[in-house]
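Okay, here's the structure, questions in a sec.
The structure presented is a predicted model; accordingly, all values stated were derived computationally and were not measured.
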Amino acid sequence: MSRRDFRSRSREAVLNIAAAGGAVCILAVVCAVLFNITLIMFKTGSMAPSIPAGSLAVVREIPAGEINVGDVVTVDRPGKLPITHRVQAVAAADGDGRTITMKGDANSEADPAPYVVERVRLVLWSAPGLARPVAAAANPVVLGATTVAVSALVTWVLWPRDVRRKSGQHVAA
């Protein structure tokens, strides 16, 4: 394989990888919007060992009527950070609401008071150690550098080539 063929195939491979990555990102955004899926980061170890501190979790918003004992859910608390613990008990409340008792897997006692909720975010899965890299990627400097790098890569891949060189003609200087 000639050096020119290698460069051409390299550019094509890079472009295909970038296109696949872009398609995955678009699909992820569409799924997130359609299915109410978001990410949460665990700062404490109250759910260890099943979900240790520093984990990233994918959550989906569900109505309170779909909550089951044993589910790991995130509850929003007015004036405080949300809390994610395992459901210990579920009872009917006014309207579509439910009163749930929760407890962190690493905690010896249930949370001090039950939560009355109409909607919660159900943890679908989690990945230990991903919270820091995702948080770092959201830094404006990292986002700017990534944008510049991707722009340079796309420019390099799509930059017009000298047609005369490809046809075997040499340009006299």
Side-chain angles (χ1 to χ4, degrees), residues 14-151 153-154:
V14 168
L15 189 57
N16 286 336
I17 291 169
V24 167
C25 288
I26 291 169
L27 182 62
V29 168
V30 168
C31 287
V33 170
L34 291 178
F35 301 112
N36 287 328
I37 293 175
T38 57
L39 301 175
I40 60 170
M41 296 179 215
F42 286 80
K43 292 185 178 188
T44 70
S46 67
M47 284 302 296
S50 57
I51 307 174
S55 294
L56 180 76
V58 174
V59 296
R60 180 174 54 92
E61 188 173 304
I62 62 170
E66 295 179 18
I67 300 170
N68 294 305
V69 171
D71 286 345
V72 177
V73 299
T74 300
V75 174
D76 291 318
R77 303 180 297 171
K80 297 180 180 178
L81 290 173
I83 189 164
T84 304
H85 282 162
R86 192 171 305 277
V87 176
Q88 302 294 304
V90 180
D94 293 337
D96 293 333
R98 296 289 185 273
T99 301
I100 59 173
T101 303
M102 300 193 330
K103 175 182 160 308
D105 289 355
N107 299 343
S108 58
E109 301 288 324
D111 295 355
Y115 304 94
V116 178
V117 295
E118 289 187 7
R119 299 191 71 75
V120 297
R121 287 171 280 165
L122 176 68
V123 174
L124 302 175
W125 61 270
S126 64
L130 283 185
R132 279 202 176 107
V134 168
N139 180 308
V141 173
V142 173
L143 290 173
T146 302
T147 301
V148 169
V150 169
S151 298
L153 183 64
V154 169

Practice task
Heavy atoms only: give me the nearest M47-T84 pair and the separation to one decimal.
Solution key: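 Reported closest heavy-atom pair: CG-O, 3.4 Å.
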Problem - R119/D96 ion pair, N-O < 4.0 Å - result: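 A salt bridge is absent here (no side-chain N lies under 4.0 Å from a carboxylate O).
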Practice task
Please say whether more than 12 non-hydrogen atoms of neighbouring residues, nucleotides or ligands are located less than 6.0 Å from CG in N16.
Solution key: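 Yes.
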Problem - Reported CD-to-CG distance for the pair E61 and L122, which is rounded to 0.5 angstrom - result: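 The CG atom of L122 is 11.5 Å from CD of E61, to the nearest 0.5 Å.
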Exercise for the section: Compare all side-chain heavy atoms of I100 with those of V75 and state whether any distance is below 4.5 angstrom. Expected result: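 Answer yes - side chains close enough.
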Problem - Heavy-atom side-chain proximity of K43 to L81 below 4.5 angstrom - result: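 No - every pair of side-chain heavy atoms lies 4.5 Å or more apart.
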Practice task
Spell out, as yes or no, whether a donor-acceptor pair under 3.5 Å connects the side chain of R98 to the backbone of V117.
Solution key: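 It does not hold such a pair.
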Problem - Considering all heavy atoms, the nearest I37-C31 contact - result: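 Closest pair (atom of I37, atom of C31, distance): CD1-O, 4.3 Å.
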Handout entry: Where M102 and Y115 come nearest, the two heavy atoms and their spacing
Key =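 That would be CE-CE1, 3.9 Å.
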Problem - Shortest non-hydrogen separation from P52 to F42 and the atoms involved - result: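 Taking P52 first and F42 second, the nearest heavy atoms are O-CB, 4.0 Å.
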Handout entry: G45 versus A53, closest heavy-atom pair with distance
Key =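 Closest heavy-atom pair between G45 and A53: N-CB, 3.9 Å.
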Handout entry: Residue of the set N36, I40, V73 for which side-chain contact (heavy atoms from CB on, under 4.5 Å) holds with R121
Key =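 The side-chain contact (heavy atoms from CB on, under 4.5 Å) with R121 is passed solely by I40 among N36, I40, V73.
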Practice task
Might you point out which heavy atoms bring P114 and T101 nearest each other, and give the distance in Å?
Solution key: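 Closest heavy-atom pair between P114 and T101: CB-OG1, 4.2 Å.
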Exercise for the section: Enter the distance from D111:CG to I83:CD1 here, rounded to the nearest 0.5 Å. Expected result: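 Nearest 0.5 Å value for the CG-CD1 distance: 4.5 Å.
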Practice task
Drop me the distance from N68's CG to I62's CD1, to the nearest 0.5 angstrom.
Solution key: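 That separation rounds to 7.5 Å.
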Practice task
Measure the shortest side-chain to side-chain distance between V58 and L39 over non-hydrogen atoms and say whether it is less than 4.5 angstrom.
Solution key: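 Yes, at least one pair of side-chain atoms sits under 4.5 Å.
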Practice task
State whether the number of non-hydrogen atoms from other residues, nucleotides or ligands found under 6.0 Å of N139 atom CG is greater than 12.
Solution key: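 Atom CG in N139 is packed in, count exceeds 12.
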